[in-house]
Engineer: 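Structure provided below as structure tokens; questions to follow.
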Amino acid sequence: MKAKITITPKKAVLDPQGKAVQNALEHMGYAGVSGVHVGRYLEIEIDGEREAVEKQIDEACHKLLSNPVIEEYRFELE
Amino acid sequence: MKAKITITPKKAVLDPQGKAVQNALEHMGYAGVSGVHVGRYLEIEIDGEREAVEKQIDEACHKLLSNPVIEEYRFELE
Amino acid sequence: MKVAVIQFPGSNSDQDAVNGVRVIGHQASLLWHKEESVGDADAVIIPGGFSYGDYLRCGAIARFSPVMQAVKQFAADGGLILGICNGFQVLCEAGLLPGALVRNRSLQFRSEHVFLKTIAKDTPFTGGVADDRLLRVPIAHGEGCYFADEETLAGIKANNQILWQYVSQQGEANDDANPNGSLENIAGICNQARNVAGLMPHPERACEEVVGSADGRAILESMAAWLDKGKSAEAA
Amino acid sequence: MSDPAITPELIEQHGITPDEFEQIKVILGREPNYTELGIFSVMWSEHCSYKNTRKLLKGFPTKSAKVLVPAGEENAGVIDIGDGLAVAFKIESHNHPSAVEPFQGAATGVGGIIRDIFTMGARPVAAINSLRFGSLESAEVRRLFRGVVAGISHYGNCFGIPTIAGEVYFDKSYEGNPLVNAFALGVLRHDQIARGAAKGVGNPVFYVGPATGRDGLAGAAFASQDLTEESADQQRGAVQVGDPFMEKLCMEACLELLATDAVAGIQDMGAAGLTCSTCETAARGGTGIELKLDKVPQRAANMTPYELMLSESQERMLIIVQKGREEEVQRIFDKWDLPWAEVGVVTDTGRMVVTNHGKVVADMPAAKLADDAPLYDREAKEPAYLADVRAFKLEQVPEMEAPEEVLENLLAWPTIASKNWVYRQYDHTVRNGTAVFPGSDAAVLRVKADSIPGGGVDANEQVPEKYLAMSCDCNGTYVYLDPYEGGKIAVAEAARNLACSGAEPLGTTDNLNFGNPHNPELFWQLKEAVRGLAEGCTVFNAPVTGGNVSLYNQNPNGAIDPTPTVAMVGLIEKPEDITTQWFKDEGDVILLLGAAIDTEDPLLGLGGSAYLQTAHQLKTGTPPRCDLSKEKQIHTTLRGFIQTGCVKSAHDCSEGGLAVALAECCISNHVGRETDSLLGAEVDLGEFGNARVDVLLFGETQGRIVLTASEVNAVKIEERAKILEIPVARIGKVGGNKLTIKGDGFRFAWETERLHDLWFNAIANAMK
Ligand SMILES: Nc1ncnc2c1ncn2[C@@H]1O[C@H](COP(=O)(O)OP(=O)(O)O)[C@@H](O)[C@H]1O
Ligand SMILES: [Mg+2]
């Protein structure tokens with residue numbers, strides 16, 4: 001099955017990319033943009049039992065795919 | 001409202017990052033991983049009419065946020 | 001001193017570290033990432049570069065290589081470990097140092113010489129740096145912005161773990177002197193036990209006047225001196 | 001999937017003329033199939049075959065006592081630097097890919113040239129780059145500029161090669177067709193030179209590196225046609241993506257491998273990937289190769305033979321292994337976790353036979369394919385515009401209104417302004433060998449034990465220290481206004497930059513960036529420029545060791561300014577001879593070496609000058625002339641002064657003339673972040689009488705060098721110069737925080753602080 005993982009910077013962490021995108025958007029004349037956050041997105045093709053996979057992905061997210069010091073993650077399985 | 005955008009490398013395009021993550025996962029003993037793709041995820045807080053925003057975000061994705069030459073994007077509004 | 005310099009796939013300042021140690025008259029050799037022991041090394045340097053391509057996050061994948069398990073043990077046993085640039089990122093990812101290194105505020109890679117002020121002098125890495133002498137050394141990184149949450153940062157300061165700050169030529173830790181947006185202009189820190197340190201700048205690339213500066217020696221020489229003291233203490 | 005039928009349309013799409021198709025049928029003794037047609041189309045593209053330029057290139061000097069591997073023989077030339085050491089260097093263009101996708105286009109350009117260097121058995125230790133863009137006022141140009149620089153930065157920094165020099169020009173003619181020329185240099189011992197020949201019938205052929213995808217299909221052919229929306233669109237389908245990490249592993253593994261004698265031949269898969277590498281190695285070896293496509297690692301599902309042969313997936317190498325040594329080779333690849341596969345075998349048939357699952361999909365004579373590409377004498381006709389250029393009388397140029405502003409505007413003109421915004425993004429200290437960083441006339445690199453493959457392991461290994469200087473130069477405006485003189489000047493300036501840093505030229509590599517060769521006027525530019533280049537390289541004893549041709553550089557609005565980029569490498573034997581351009585100490589004497597203005601034609605220096613372009617919006621006039629023998633004498637003399645320890649700083653006059661050169665001497669000493677050490681100067685040009693002030697200050701007369709020395713040494717220099725009958729003038733003293741220039745009836749003063757801000761931040765501000 002396919003795991004779709006999104007990893008976003010914690011609110012406390014300064015997110016220069018988000019700022020840059022926000023400025024660029026305003027520059028291009030997009031009104032009403034109040035906040036932008038830039039993170040990472042991963043798709044992992046993996047097979048196995050749903051529970052097992054769920055456990056594995058969660059562990060992988062915690063250990064490797066995200067850095068708990070600066071990031072949060074969430075994922076869904078399809 | 002909030003636009004959630006995921007940008008991923010086109011399938012035809014080499015994704016060295018995905019490959020590297022896949023190897024790492026295998027080395028760490030995660031079995032059954034058959035493919036990994038790494039992309040970017042953006043959250044944009046923006047207000048306005050749904051249609052208008054939809055148009056704006058789509059345009060922004062095309063012009064600024066993604067690189068249409070090597071990436072594809074999709075987004076949803078909440 | 002005998003230094004083991006870790007060689008990951010993608011390390012590119014590994015040989016520079018070996019040379020730096022040799023220039024100050026000590027021994028150094030490369031240690032392959034698939035090794036499972038640091039051998040008889042007195043100290044370990046985790047060098048600059050792009051370990052495993054720095055894919056995902058800088059240092060994220062290197063942390064899982066076999067040699068890093070040995071390095072963790074070495075650290076637990078009180079061994080001296082210095083992480084330079086990518087090495088600093090690896091140590092943070094591995095949890096051997098607090099905090100994390102994120103994208104430069106400019107969103108651009110920065111390659112230039114900076115001035116470093118040494119803050120904590122009571123460490124194996126800074127003991128030999130003369131009082132208020134600024135070190136002029138190069139940086140070369142895209143993700144060197146030091147971050148830690150408030151609590152962690154408070155702890156780091158309380159324990160006097162900040163080793164180096166980016167400062168102006170006049171010694172002020174101001175915004176202009178900060179090349180990457182690091183909190184408190186932090187260029188390098190150590191752990192609580194003070195045997196593990198990391199910094200983004202490259203002292204090993206500043207060990208000979210012919211390459212523009214020899215200020216980096218002070219850091220490597222501090223390590224050597226500290227180890228010698230330890231040895232003579234044992235002997236006595 | 002069945003192959004399309006070979007129709008005239010299909011043949012034309014492949015850029016093959018009816019005549020060439022006839023020739024193909026003769027070579028094959030039959031009609032080519034689809035795959036073979038594709039193979040011919042890339043092998044006979046300009047990029048791979050030089051069919052329009054090879055005859056011209058023959059005019060280049062390619063030999064000297066120091067040349068170990070001459071141009072054309074291998075992937076890059078090799079030059080002796082003494083004590084059994086040598087350097088391999090070359091420049092290559094990635095113009096069209098960078099126009100399509102600036103970041104990846106530039107990145108893969110760097111990757112490609114680095115592969116050429118380690119394929120020779122050398123360890124790549126330095127990179128430089130030569131860039132051209134339209135005006136920074138255009139948002140699209142800024143996007144390209146930002147992307148290209150980021151791409152070079154990404155690839156070079158990650159690979160771990162210091163990028164230590166380069167050049168950037170901004171001119172409308174490059175709008176839509178930027179130039180990205182990447183240069184790499186490697187060091188090796190004479191006995192380490194590797195060859196790209198498929199030797200030894202029965203030897204297995206190995207494929208190393210990532211799997212093959214549909215990337216950059218037929219990129220070589222793409223590079224050999226005008227850049228149009230359609231041609232660009234085709235490419236967008238499958239842009240090549242670089243993986244510097246993979247390349248680093250590939251390089252380390254190949255160098256380790258070459259240290260064993262298990263390798264019979266090695267070749268990178270650059271332009272035209274598998275096709276080019278297999279038939280070139282077979283041609284060089286006078287052998288044949290049998291290639292099994294089903295053994296080739298594949299990234300995409302059901303790729304056709306056509307796609308596999310033409311793919312330009314990056315970071316791949318072809319290695320011919322001594323039979324029986326396979327295991328050794330495999331052990332090294334596995335150590336570096338590199339994908340590899342045994343894909344073929346060397347044969348004695350002289351043919352390149354490609355099979356897929358046992359079925360022959362291509363069978364053609366390798367040598368003919370590689371070497372018998374058609375060669376053309378293109379028609380050359382002097383361009384009409386040159387009449388107007390010559391008709392333009394420099395007397396027409398009105399005198400300056402506000403000279404102070406002229407200098408300020410010149411220093412802030414992106415083409416002249418500091419390029420720190422660019423090179424601060426390039427790691428120029430990695431490998432710890434850079435002695436002079438970007439920002440002086442030439443970069444200087446130290447050769448040491450770890451510069452050599454296998455070196456640096458043993459602490460006691462002794463390698464005599466040497467220093468290499470390098471610079472790349474080309475003023476496209478001069479070449480446009482006078483291709484022959486412009487060509488000579490490009491070489492002269494590169495040599496001058498080396499001389500100013502204390503170096504003696506070793507050799508040259510050039511990148512010929514021109515327009516469509518089927519246009520007689522554009523071909524004339526090419527022909528004349530090459531003539532100038534050739535003369536220059538001969539005079540400075542800097543033979544051409546290789547290079548690259550990039551034609552069809554035009555956008556719908558016409559061709560680019562002809563741009564024959566010249567990269568020159570020189571040697572400095574002693575570290576104490578390394579010289580930089582900025583002023584050193586208060587009180588030093590400032591000397592001008594060379595004639596202040598063109599004695600025969602005092603106004604000549606204004607033609608094509610930056611001054612004319614910025615102050616008068618004119619891009620015309622006969623450019624300065626270049627007297628090569630005088631130039632050479634000046635360079636030799638300057639090196640003499642440097643080697644006798646008389647010179648504290650040396651800087652040549654180029655764009656912007658004497659005033660800009662002097663200003664740069666005052667403001668270009670960058671100590672560190674936000675830290676520059678500025679030194680003013682008091683300059684008196686009184687002795688040049690009543691020459692026109694704009695000519696004196698901003699004219700670009702060639703062969704002039706600003707140097708400084710202590711009072712004592714200044715006298716020595718003056719005496720020696722007189723004996724050698726070289727014009728030398730004492731024009732001032734270093735000191736203060738102002739640059740003041742006075743002369744017969746004029747006196748101007750500028751705060752060095754202000755000049756520095758304008759010059760240092762101009763590009764950063766434009767990119768905000
Ligand atoms: N402008 C030039 N001047 C001199 N030699 C050149 C020039 N352009 C190409 N050559 C030589 O022709 C040969 C083929 O060039 P090229 O196809 O660029 O090599 P590669 O296949 O490694 O890219 C090389 O030896 C190259 O040095
Ligand atoms: Mg110059």
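As the structure is a prediction and not an experimental result, all values here were calculated from the model. Hydrogens, waters and symmetry mates play no part in the numbers below; they use all other heavy atoms, side chains included. Naming convention: chains lettered A, B, ... in sequence-line order (proteins, then strands); numbering from 1 in each chain.
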Engineer: Using heavy atoms and a sub-4.5 Å threshold, report which of residues 47-57 of chain B line up against chain A, by residue number.
Structural biologist: B/Asp47, B/Gln56
Engineer: Going from CD on A/Glu78 to CD on A/Glu43, what distance comes out if it is rounded to the nearest 0.5 angstrom?
Structural biologist: 8.0 Å
Engineer: Under 4.5 Å, heavy atom to heavy atom, which residues of residues 5-22 of chain A contact chain B?
Structural biologist: A/Thr6, A/Thr8, A/Val21
Engineer: Ignoring hydrogens and geometry, is there a side-chain-to-backbone donor-acceptor pair from A/His27 to A/Asn23 under 3.5 Å?
Structural biologist: no
Engineer: Output the distance between atom CZ (B/Arg40) and atom CD (B/Glu71), rounded to the nearest 0.5 Å.
Structural biologist: 4.5 Å
Engineer: Contact part of A/Ala31 toward chain B, heavy-atom cut-off under 4.5 Å: side chain, backbone, both or neither?
Structural biologist: backbone
Engineer: Can you sort out the partners of B/Glu76 under salt bridge (charged side-chain N to carboxylate O under 4.0 Å, His left out), two or more places apart, ordered by chain and number?
Structural biologist: none
Engineer: Please classify the contact between B/Lys4 and chain A as side chain, backbone, both or neither, with a heavy-atom cut-off of under 4.5 Å.
Structural biologist: side chain
Engineer: Nearest 0.5 angstrom please: A/Leu77 CG to A/Lys2 NZ, how far?
Structural biologist: 12.0 Å
Engineer: Rounded to the nearest 0.5 Å, how far apart are OG of B/Ser34 and CE of A/Met1?
Structural biologist: 11.0 Å
Engineer: Taking side chain as C-beta onward, heavy atoms only, is B/Leu25 less than 4.5 Å from A/Ile46?
Structural biologist: no
Engineer: For chain A, which residues of residues 60-67 of chain B have at least one non-hydrogen atom nearer than 4.5 Å to it?
Structural biologist: B/Ala60, B/Lys63, B/Leu64, B/Leu65
